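Each remark here refers to the structure printed beneath this line.
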Amino acid sequence: MNKTCAVILAAGEGTRMKSSKPKVMAELLFKPMIDWAADAAKEGGAEDICIVKGYQAQILEEHLAGKYKTVEQAQRLGTGHAVMQAADFIKEHIDGDVLVLCGDAPLMDSKTISNAYACHKQSGNGVTVISARVAEPFGYGRIERDENGSLKAIIEEKEADENQKKIDEVNSGAYWFNSELLLKALKTLSENHTDSKKEYYLTDTVEIIRSSGAGAGAFTAENPDVVRGANDRFQLYELNEIARKNILFSLMKSGVSIPCVDGVIISPDAQISADTEILPGTIIKGKTQIGSGCVIGPNSLIDSSVVENGVELNNVQLYSSVVKSGSHIGPFVRIRPDCVVGENVRIGNFVELKNARVGDKTSISHLSYVGDAEFGKNINVGCGCATVNFNGRDKNKTIVGDNAFIGCSTYLVAPVEIGENAYTAAGSVITEDVPDNALAIARSRQVIKDEWVSKVRPYRWQKKEDKND
Ligand code: UD1
Ligand code: CA
């Protein structure tokens, strides 16, 4: 197979987004549009990717963090001009084919791209444009076919006559080109074509390639949504809705229950196994993995985490952490990054964990804070406990051994270690290590003041009676 590569156009400003960021950094399901395009290119078969940056290039550069090659288009002189900037990159792949994608059309999927590639290779065409039939073709380049049905030209909205405007098959802005033919066509384009706005149209390469004798074809995508781009935030919202429902429906097909989709937003990179239920108001971000038999939600936010099987997360915020099988978390629990919660653990309500390891079958059930801590197995933490992990300068660690019992309202002043099977009495402020099997009581003794009421209360009654007089 020939080597394939991809050029993704991402230099545009996207004025109508009214953003200080490049347009392609606008997000669909919390994932920037450029990542959708790059992932689609990669999964669609492109082995090497080059991104054309321009407006706010350094923001895009930082985001890409060296993952892909980039070239800069200093002046935005059109889609053809943008591809010219990547000429050296295309030359590196001169024996193969190059995919050109628009960075602002995130619904172009890998399956459409690879199907179009198969069609491109089978036909032996010099260029294969990915098109779609849409209800509202306004604004898109129209696909003009000849009497045999093969692609003749792409006519931009501005240049289309009344008949051409009626064509409902439009250019998606994604194409497979024979690398060598594209480079040749770009040269002609730079010499010959400028429109009134001095733009170089990539779409004009189609006619150039066709008239050079190589074939030009259009691969019509099954799903017309693949052509949709986001030029403003309303269109971005519309794309979000389409992408959101696509993902929810495909999860449902794979066996995930979503009885009501209200407020349910799931990242395209999340994996959820069958027989898990997602309840309203639940947002699942990043490369989160969720096992089977879980109930997630209502109103939970799960970001870049691993959740094993049979876990319940009810009104939970979970960030970059692991929750093992059979654990019940919530309601109203916040688990900050770098936590590992063991199997069959009980956490919440109103509990915060941070950088904490919690062993199997441990229970931290009410109103507690556990930070920078290592809690063993089968521990019971009473209501209202806290690890005192910060002394104003350093963060310190708390270690609690297996089977310990931390009484209600215990403060564990770190660094401190509680031994296995040890107890702390309710209300204790523990500042020193507690040995295995011991009980630590660290609070002042109770004081009884006899007949206190008869000395104090009559005075108050007296006052009240005076008032009533
Ligand atoms: C383009 C196509 C049109 C197609 C449509 C699909 C041309 C002339 N027209 O029109 O046929 O139906 O896409 O969405 O190609 N870009 C650059 N540098 C530039 C100009 C654009 O990098 O100088 C990038 C933009 O950031 C964007 C992409 O190219 O990601 C498309 O550019 P845009 O101006 O949106 O083209 P359309 O007018 O939508
Ligand atoms: Ca566009």
Side-chain angles (χ1 to χ4, degrees), residues 6-17 19 21-26 28 32-38 40-41 50-57 59-60 70-86 99-108 112 127 129-134 136-144 151 153-160 164-165 167-175 177 182 185-186 189-190 193-208 218 220-221 224-232 235-236 239:
V7 174
I8 303 178
L9 309 186
E13 178 175 349
T15 330
R16 281 180 284 165
M17 285 285 177
S19 173
K21 293 188 206 159
K23 181 187 187 181
V24 297
M25 287 300 292
L28 218 62
M33 294 202 283
I34 188 66
D35 292 354
W36 285 78
C50 177
I51 293 173
V52 183
K53 60 192 176 181
Y55 176 71
Q56 295 288 18
I59 294 180
L60 190 57
T70 60
V71 289
E72 189 151 358
Q73 186 192 23
Q75 263 183 303
R76 259 72 71 201
L77 297 178
T79 47
H81 182 257
V83 179
M84 283 174 205
Q85 312 312 303
L99 169 73
V100 175
L101 281 187
C102 286
D104 67 345
L107 299 182
M108 177 54 69
T112 304
V127 53
V129 179
I130 302 179
S131 68
R133 292 192 179 282
V134 297
E136 289 168 32
F138 179 83
Y140 292 101
R142 307 298 203 282
I143 299 292
E144 197 173 39
L151 179 62
I154 298 173
I155 318 290
E156 289 307 301
E157 178 78 38
K158 275 184 275 181
E159 279 122 37
Q164 287 165 330
K165 278 186 184 161
I167 299 173
D168 68 352
E169 187 179 10
V170 301
N171 171 23
S172 67
Y175 323 72
F177 287 97
L182 173 61
L186 286 174
L189 190 67
S190 62
H193 184 88
T194 53
D195 73 352
S196 53
K197 266 178 72 192
K198 286 213 184 325
E199 273 197 25
Y200 299 83
Y201 288 178
L202 179 62
T203 43
D204 288 343
T205 58
V206 168
E207 260 178 298
I208 298 170
T220 317
D225 286 335
V226 298
V227 306
R228 292 176 77 129
N231 295 312
D232 56 35
Q235 286 175 345
L236 191 63
L239 293 196

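Just so it is clear, the model here is predicted, and its values are computed rather than measured. Read the numbers this way: they start at 1 and go in the same order the structure lists the ligands and their atoms. All residue numbers in this chain count up from 1 along the given sequence.
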Please list, in number order, the atoms of ligand 1 under 4.0 Å from a heavy atom of [X].
{"X": "Tyr201", "result": "8 (C)"}
{"X": "Leu77", "result": "23 (O)"}
{"X": "Gly103", "result": "30 (O)"}

Which residue and atom name correspond to the protein heavy atom nearest [atom], and how close is it?
{"atom": "atom 20 (C) of ligand 1", "answer": "Gly78 C, 3.7 Å"}
{"atom": "atom 22 (O) of ligand 1", "answer": "Ala11 N, 3.0 Å"}
{"atom": "atom 31 (C) of ligand 1", "answer": "Cys102 SG, 3.6 Å"}
{"atom": "atom 24 (C) of ligand 1", "answer": "Leu9 CB, 3.6 Å"}
{"atom": "atom 25 (C) of ligand 1", "answer": "Gly12 N, 3.9 Å"}

Please check whether [X] reaches ligand 1 - meaning an N/O of the residue sits under 3.5 Å from an N/O of the ligand, judged on distance alone.
{"X": "Thr203", "answer": "no"}
{"X": "Ile154", "answer": "no"}
{"X": "Leu202", "answer": "no"}
{"X": "Val227", "answer": "no"}
{"X": "Ala82", "answer": "no"}

Tell me which one of Asn171, Ile8, Val134, Val100 gets a heavy atom nearest to atom 4 (C) of ligand 1. Asn171
Return the option from Ile51, Thr79, Leu101 holding the heavy atom at the smallest distance from atom 32 (O) of ligand 1.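 Minimum heavy-atom distance to atom 32 (O) of ligand 1 goes to Thr79.
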Counting heavy atoms only, which part of [X] comes closer than 4.0 Å to ligand 1: side chain, backbone, both or neither?
{"X": "Asp104", "value": "both"}
{"X": "Glu156", "value": "side chain"}
{"X": "Gln73", "value": "side chain"}
{"X": "Ser172", "value": "backbone"}

Heavy-atom contact under 4.0 Å between Val170 and ligand 1? no
Looking only at heavy atoms of Gly54, does any of them come nearer than 4.0 Å to an atom of ligand 1?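 Checking ligand 1 against Gly54, which is what was asked, there is no heavy-atom contact under 4.0 Å.
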Does the protein place a non-hydrogen atom closer than 4.0 angstrom to [atom]?
{"atom": "atom 15 (O) of ligand 1", "result": "yes"}
{"atom": "atom 29 (O) of ligand 1", "result": "yes"}
{"atom": "atom 1 (C) of ligand 1", "result": "no"}
{"atom": "atom 39 (O) of ligand 1", "result": "no"}

Heavy-atom nearest pair, Leu202 first then Val100, reads CD2-CG1, 3.7 Å
So which atom in Leu186 and which in Met84 form the shortest heavy-atom distance, rounded to 0.1 Å?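 Answer, listing the atom of Leu186 first, then Met84: O-CE, 3.9 Å.
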List for me each residue that meets side-chain hydrogen bond (donor to acceptor under 3.5 Å, both in side chains) alongside Glu13, sequence neighbours excluded, and say none if there are none. none
Measure the spacing between CD1 of Ile130 and OH of Tyr175 and express it to the nearest 0.5 Å.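 Rounded to the nearest 0.5 Å, the CD1-OH separation comes out at 10.0 Å.
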First locate atom CG of Leu236, then atom CE of Met17, and finally report the distance between them rounded to the nearest 0.5 Å. 4.5 Å
Could you walk me through whether Leu9 and Val83 pass side chain to side chain contact (heavy atoms under 4.5 Å, CB included), step by step? CA-CA 7 Å; Leu9 309 186; Val83 179; 3.8 Å; yes
Name all residues meeting the salt bridge (Lys or Arg N to Asp or Glu O under 4.0 Å) criterion together with Glu157; count only those two or more places apart in sequence or in a different chain, and write none if there are none.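 For Glu157, the residues satisfying salt bridge (Lys or Arg N to Asp or Glu O under 4.0 Å) (neighbours in sequence not counted) are Arg142.
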